[in-house]
Amino acid sequence: MFLLTYSLEIIILTGASTVLECFDNLKLSESNQTLLRKLGVKLVQRLGLTFLKPKVAKWRYQRGFRSLAANLQFSAGGAVAQKKINATAVTEEENEEEEYDIPGEVEHVVEQLLIGLKDKDTIVRWSAAKGIGRLTGRLPKELADDVVGSVLECFSFQETDNSWHGGCLALAELGRRGLLLPSRLSEG
């Protein structure tokens, strides 16, 4: 069973690279049909996910408790509880820092999704924002921070309203998934 699973994974990875290459030759992002552009963004997103390990980012922002009473009780614990949490977070971060190779295709996929954020139709921008969120959740912290930086570049004065809207959608998706770290918020 392991051999079959491993061989299927190799076939999918090899095929994904080929499909991505063929997709680039089609230039669907230049099509006049909204549905084609939307499905193209979704395909690129799914192909990008095949190149990354299916894991939840351990570095993502963990908000407090859902209950206000639990939050207030936790904050009443004071600085001692906060020091314990910080120490635990540092050791978890050190344990989590297992590096693995990110294929070059992932960078190309992120570029395509960033182009999708600037599309003229909202549904395409929304699909691209969802793809940015999904991919970023599987990346190591440093690379995910680069993606957030690229999304923030959508907010330059030379960009169109569509780009600004796509950037807002992407930031909302990243925030919803806990992938916007508080250290990045001061730059906005």
Side-chain angles (χ1 to χ4, degrees), residues 8-57 59-61 63 101-182 184-185 187-188:
L8 283 176
E9 185 177 312
I10 291 174
I11 291 170
I12 289 172
L13 284 177
T14 307
S17 182
T18 306
V19 171
L20 186 61
E21 187 177 315
C22 291
F23 175 78
D24 284 341
N25 295 334
L26 291 177
K27 305 284 187 214
L28 286 182
S29 62
E30 299 171 4
S31 171
N32 290 332
Q33 296 182 3
T34 303
L35 184 62
L36 272 179
R37 291 193 316 272
K38 177 185 120 177
L39 294 176
V41 165
K42 286 183 175 282
L43 175 65
V44 166
Q45 169 200 151
R46 302 291 165 106
L47 288 172
L49 291 174
T50 61
F51 295 114
L52 299 171
K53 291 181 182 178
K55 67 176 185 120
V56 176
W59 52 264
R60 66 189 174 137
Y61 177 71
R63 65 179 182 166
D101 286 336
I102 305 294
E105 288 90 352
V106 173
E107 183 178 345
H108 182 68
V109 167
V110 170
E111 287 175 13
Q112 291 296 319
L113 292 174
L114 289 170
I115 291 170
L117 289 179
K118 301 174 184 181
D119 195 86
K120 64 182 178 181
D121 289 307
T122 303
I123 191 70
V124 178
R125 294 191 299 267
W126 189 27
S127 294
K130 297 282 278 184
I132 292 279
R134 287 185 178 130
L135 276 174
T136 305
R138 293 188 181 187
L139 291 173
K141 185 177 179 179
E142 295 79 24
L143 294 176
D145 194 51
D146 290 343
V147 172
V148 172
S150 297
V151 169
L152 290 175
E153 290 175 5
C154 289
F155 298 106
S156 72
F157 290 111
Q158 291 82 22
E159 295 292 346
T160 63
D161 291 346
N162 293 336
S163 178
W164 280 67
H165 183 241
C168 287
L169 289 171
L171 287 180
E173 184 65 25
L174 291 169
R176 186 181 75 81
R177 293 174 179 267
L179 303 173
L180 276 180
L181 298 177
R184 252 321 184 168
L185 297 179
E187 296 176 23

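Residue numbers run from 1 in the order of the sequence given.
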- How long is the gap from NZ on K120 to CG on D161, to the nearest 0.5 Å? 15.5 Å
- Message: Applying side-chain contact (heavy atoms from CB on, under 4.5 Å) to L139 and V106, what does each step give before you reach the verdict?
- Response: CA-CA 10 Å; L139 291 173; V106 173; 4.2 Å; yes
- Which atom names give the shortest non-hydrogen contact between G116 and A128, and what distance separates them? C-CB, 3.6 Å
- Item | Residue pairs passing the ring-ring contact (aromatic ring centres under 6.0 Å, His included) test where at least one lies in residues 120-152, sequence neighbours excluded | none
- Shortest non-hydrogen contact from I102 to P140? CD1-CD, 3.9 Å
- How many angstroms lie between NZ in K55 and CZ in R138, if you round to the nearest 0.5 Å? 10.0 Å
- Considering all heavy atoms of both residues, which atom of K38 and which atom of S127 are nearest to each other, and what is their separation? CG-OG, 3.6 Å
- Quick check: does any side chain N or O of T136 sit under 3.5 Å from a backbone N or O of G133, one acting as donor and the other as acceptor? no
- Task: Begin with the C-alpha distance, continue with both residues' side-chain angles, and end with the deciding distance and a verdict on side-chain contact (heavy atoms from CB on, under 4.5 Å) for I132 and L114.
- Result: CA-CA 8 Å; I132 292 279; L114 289 170; 4.0 Å; yes
- Message: Once rounded to the nearest 0.5 Å, what's the spacing between atom CG of L113 and atom NZ of K130?
- Response: 13.0 Å
- Message: Once side-chain hydrogen bond (donor to acceptor under 3.5 Å, both in side chains) is applied, do any residues pair with T34, and if so which ones, sequence neighbours excluded?
- Response: D121
Side-chain polar contacts of residues 167-179 - donor-acceptor pairs under 3.5 angstrom, sequence neighbours left out - could you list them?
residue	atom	partner	partner atom	Å
E173	OE2	R176	NH2	2.9
E173	OE2	R177	NE	2.6
E173	OE2	R177	NH2	3.2

- Item | Sub-4.5 Å side-chain heavy-atom contact between L135 and V109 | yes
- Query: Quick one: NE2 on H165 to OG1 on T160, what's the gap to the nearest 0.5 Å?
  - Reply: 11.5 Å
- Note on the structure: Those residues at least two apart in sequence (or on a different chain) that pass salt bridge (charged side-chain N to carboxylate O under 4.0 Å, His left out) with E111 are none
- CG-OG distance between D119 and S163, expressed to the nearest 0.5 angstrom: 11.5 Å
- Query: Atom CG in L43, atom CD in Q112: separation rounded to 0.5 Å?
  - Reply: 10.5 Å
- Task: For side-chain contact (heavy atoms from CB on, under 4.5 Å), just list the numbers for R46 and R134, CA-CA rounded to whole Å, side-chain angles, deciding distance to a tenth of an Å, and then say yes or no.
- Result: CA-CA 9 Å; R46 302 291 165 106; R134 287 185 178 130; 4.0 Å; yes
- side-chain hydrogen bond (donor to acceptor under 3.5 Å, both in side chains) partners for T122, two or more places apart: R125
- Query: Of the non-hydrogen atoms in R37 and L28, which two are nearest, and what is the gap between them?
  - Reply: CG-O, 3.2 Å
Counting only pairs under 3.5 Å, give me each side-chain donor-acceptor contact of residues 149-156, with atom names and distances, residues two or more places apart or in other chains.
residue	atom	partner	partner atom	Å
S150	OG	D146	O	3.1
S156	OG	Q158	OE1	3.4

